[in-house]
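Following: one structure in structure tokens, then a few remarks.
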Amino acid sequence: MKKKLLSLLLALCFAFSLAACGSSDSTSGTSDSDTSTATDAEASVAAEEDSTSGAVDGTITLGMIGPMTGSLAVYGTHVANGVNLAIDQINAGGGVTVGDATYELAVESKDDQGDSTECLNAMNALISDGIELVIGSATSGCTSSITSVANSEGVVLVTPSGTADALTTEMDYVFRTCFKDSFQGELAAQYAADEGYTKVGIVYCSADTYSAGLRDAFAAAAEELGLEIVAEESVATMTEVDYTNQFTKMVEAEAELVFVPFYYDVTGPYLVPQARSVGFDGILLGADGVDNTETTIPDGADLSVYNDFLFVNHYSTELATSDISISFVESYEEVYGETPNNFDALGYDAVLVLKQAIESCGAFDADSVQAALADTSVVYEVSTGTFSFDDTGTPIKTGVLMGYSYTEGDDAVTKIAVTTLSLD
């Protein structure tokens with residue numbers, strides 16, 4: 001790999017500099033001694049050749065990138081919960097078997113704060129640390145900032161929840177454990193058609209990869225299914241706080257259902273209550289980014305406005321029936337004291353997928369793992385179901401329809417599972 005050749009050249013250059021200067025400060029991968037010699041540099045190169053993907057002393061270190069702070073921190077912290085749970089269980093069960101050797105897993109985490117520049121910095125830092133297998137990021141926008149780096153540097157990147165179609169392409173180093181936006185948008189349109197709605201609207205963010213991609217998929221599927229898009233309105237940012245004008249247009253157009261591909265941090269406090277305040281009483285239908293809306297509903301809000309707020313999602317504990325799904329839910333609740341959401345499950349699955357790929361190819365360098373993951377005949381049994389990758393590294397799977405329900409007298413809304421969704 002190009003990284004190993006680079007390491008060799010750097011090590012040789014380091015050795016020559018020591019010969020000229022006689023001493024050097026201690027750096028990562030070199031001896032702590034102030035009198036390191038060329039032999040030390042050669043040993044460092046040998047260690048690099050024998051120890052890829054961050055594996056040191058019987059440990060394979062995975063990278064993880066996500067928004068651990070900032071407005072989207074709920075995504076990152078839940079992905080991290082799933083990743084850490086999977087690693088703990090794998091290590092407790094004996095680790096990862098590679099040939100005749102057994103390795104424990106560890107993770108080096110980086111906070112991208114939901115910002116593309118921070119995400120790129122995090123990716124470069126992990127690569128500098130010798131990490132070749134990375135889980136991240138949680139959002140499509142951030143993930144899109146590091147896919148080209150993953151491919152150019154030959155680093156396997158598995159995003160648990162980056163759904164934008166363009167993130168994965170045929171036979172590259174980028175994979176995901178979630179479905180993609182075009183599929184998600186098609187599921188949303190199919191639901192609208194199946195339920196007999198004929199007049200639909202769309203409110204979305206034109207400047208956001210995630211939101212605009214979902215809008216495109218939903219609109220295309222709606223046309224094919226004979227749904228009339230009676231109104232379409234957009235906002236300039238995913239942090240918009242005023243949606244009254246957009247939903248006034250939906251009411252005027254007599255839309256029965258409005259597709260709203262936003263994140264939970266605006267649907268809870270702004271979009272949903274404002275849509276109801278201007279008289280829209282139809283179905284609000286979101287996508288996976290809506291999950292966790294319940295965490296952003298303001299104190300004292302009229303909770304009845306969240307009825308008929310539905311969303312397409314990857315996973316529901318209520319609809320999970322396989323042994324691995326049930327075990328995951330039970331283990332998660334025992335460790336974290338709460339019910340897992342789809343981000344927990346997708347992060348958990350990313351680790352399981354990497355473990356299976358490592359064991360199947362008998363190696364943990366990025367090239368070998370990439371080749372294993374690119375085999376579309378392999379079946380993965382994980383917490384969110386059973387799937388194989390298509391030729392772009394995206395799972396072929398079903399979705400679920402979830403939503404929020406409120407009964408008068410309750411203290412909070414309830415997140416409910418409605419049905420399993422598919423295009424069959």
Side-chain angles (χ1 to χ4, degrees), residues 1 3-4 7 28-29 32 43-44 46-66 68 76-111 122-123 125-137 150 154-160 173 175 177 323-324 327-328 330-332 334-336 340 343-373 378 380-383:
M1 266 178 97
K3 294 189 290 294
K4 292 182 180 179
S7 297
S28 177
D32 290 335
S44 179
E48 169 70 15
E49 292 297 325
D50 292 336
S51 177
T52 59
S53 193
V56 179
D57 297 330
T59 300
I60 302 170
T61 302
L62 309 176
M64 182 175 66
I65 304 172
M68 308 306 294
T77 54
H78 277 284
V79 168
N81 285 349
V83 167
N84 289 325
L85 178 61
I87 287 175
D88 288 345
Q89 289 181 337
I90 289 168
N91 289 343
V96 180
T97 302
V98 184
D100 295 329
T102 301
Y103 295 83
E104 286 196 339
L105 290 179
V107 62
E108 181 176 333
S109 300
K110 301 292 183 183
D111 178 10
M123 184 67 163
L126 290 174
I127 292 173
S128 295
D129 289 343
I131 305 292
E132 293 187 38
L133 308 176
V134 178
I135 297 169
S137 181
V155 173
V156 169
L157 179 67
V158 180
T159 172
Y173 282 77
F175 301 83
T177 51
D323 290 343
I324 189 170
S327 176
F328 162 70
E330 291 175 348
S331 298
Y332 188 95
E334 181 179 354
V335 172
Y336 296 107
F343 292 95
D344 299 300
L346 293 169
Y348 184 89
D349 289 354
V351 178
L352 298 191
V353 165
L354 285 172
K355 175 182 182 291
Q356 183 171 331
I358 290 169
E359 292 187 331
S360 68
C361 69
F364 42 85
D365 63 282
D367 289 344
S368 298
V369 173
Q370 187 276 342
L373 293 173
V378 176
Y380 298 91
E381 295 184 9
V382 292
S383 71

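Being a predicted model, the structure only gives us computed values, none of them experimental.
Partners of V335 according to the side-chain contact (heavy atoms from CB on, under 4.5 Å) rule, which considers only residues two or more places apart in sequence or in another chain, are L85. Every residue meeting the side-chain contact (heavy atoms from CB on, under 4.5 Å) condition with A101, not counting sequence neighbours, appears here in chain and number order: Y103. Scanning for salt bridge (Lys or Arg N to Asp or Glu O under 4.0 Å) contacts around E359 gives K355, with sequence neighbours left out. With sequence neighbours left out, the salt bridge (Lys or Arg N to Asp or Glu O under 4.0 Å) criterion links E104 to no other residue. With sequence neighbours left out, T177 forms a side-chain contact (heavy atoms from CB on, under 4.5 Å) with V158, P160, L346, D349, A350, V353.
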Review item, side-chain donor-acceptor pairs of residues 76-83, under 3.5 Å, at least two apart:
unit_1	atom_1	unit_2	atom_2	d
T77	OG1	A73	O	2.9
T77	OG1	V74	O	3.3
H78	ND1	Y332	OH	3.4
H78	ND1	D344	OD1	2.8
H78	ND1	D344	OD2	2.9
N81	ND2	Y332	OH	3.0

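Here the closest non-hydrogen pair linking C361 and A372 is CB-CB, 4.1 Å. Across G66 and S137, no two heavy atoms sit closer than the pair CA-OG, 3.7 Å. Closest heavy-atom contact between V378 and Q356: CG1-NE2, 3.5 Å. When all heavy atoms are compared, the tightest approach of T59 to L105 is CG2-C, 4.3 Å.
Side-chain atoms of T61 and D129, non-hydrogen and from C-beta on, never get closer than 4.5 Å to each other. Side-chain contact between N84 and Y336 is present, with at least one heavy-atom pair separated by less than 4.5 Å.
Atoms CD1 and OG1, from I60 and T102 in turn, are 10.0 Å apart once rounded to the nearest 0.5 Å. Atoms CD and OG, from Q89 and S331 in turn, are 4.5 Å apart once rounded to the nearest 0.5 Å. L352 contributes atom CG, which lies 5.0 Å from atom CD1 of I324 (distance to the nearest 0.5 angstrom). The OG atom of S383 sits 13.0 Å away from the CG atom of D323 when rounded to the nearest 0.5 Å. With values rounded to the nearest 0.5 angstrom, L133 atom CG is found 14.5 Å from M64 atom CE. Remark: S360 OG to L373 CG distance equals 7.5 Å, nearest 0.5 Å.
Just one residue in the list V107, I87, V382 forms a side chain to side chain contact (heavy atoms under 4.5 Å, CB included) with V351, and that residue is I87.
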Between V98 and I358, is the side chain to side chain contact (heavy atoms under 4.5 Å, CB included) condition met? List the steps. CA-CA 7 Å; V98 184; I358 290 169; 3.7 Å; yes
Could you walk me through whether L354 and F175 pass the side chain to side chain contact (heavy atoms under 4.5 Å, CB included) check? CA-CA 10 Å; L354 285 172; F175 301 83; over 6 Å; no
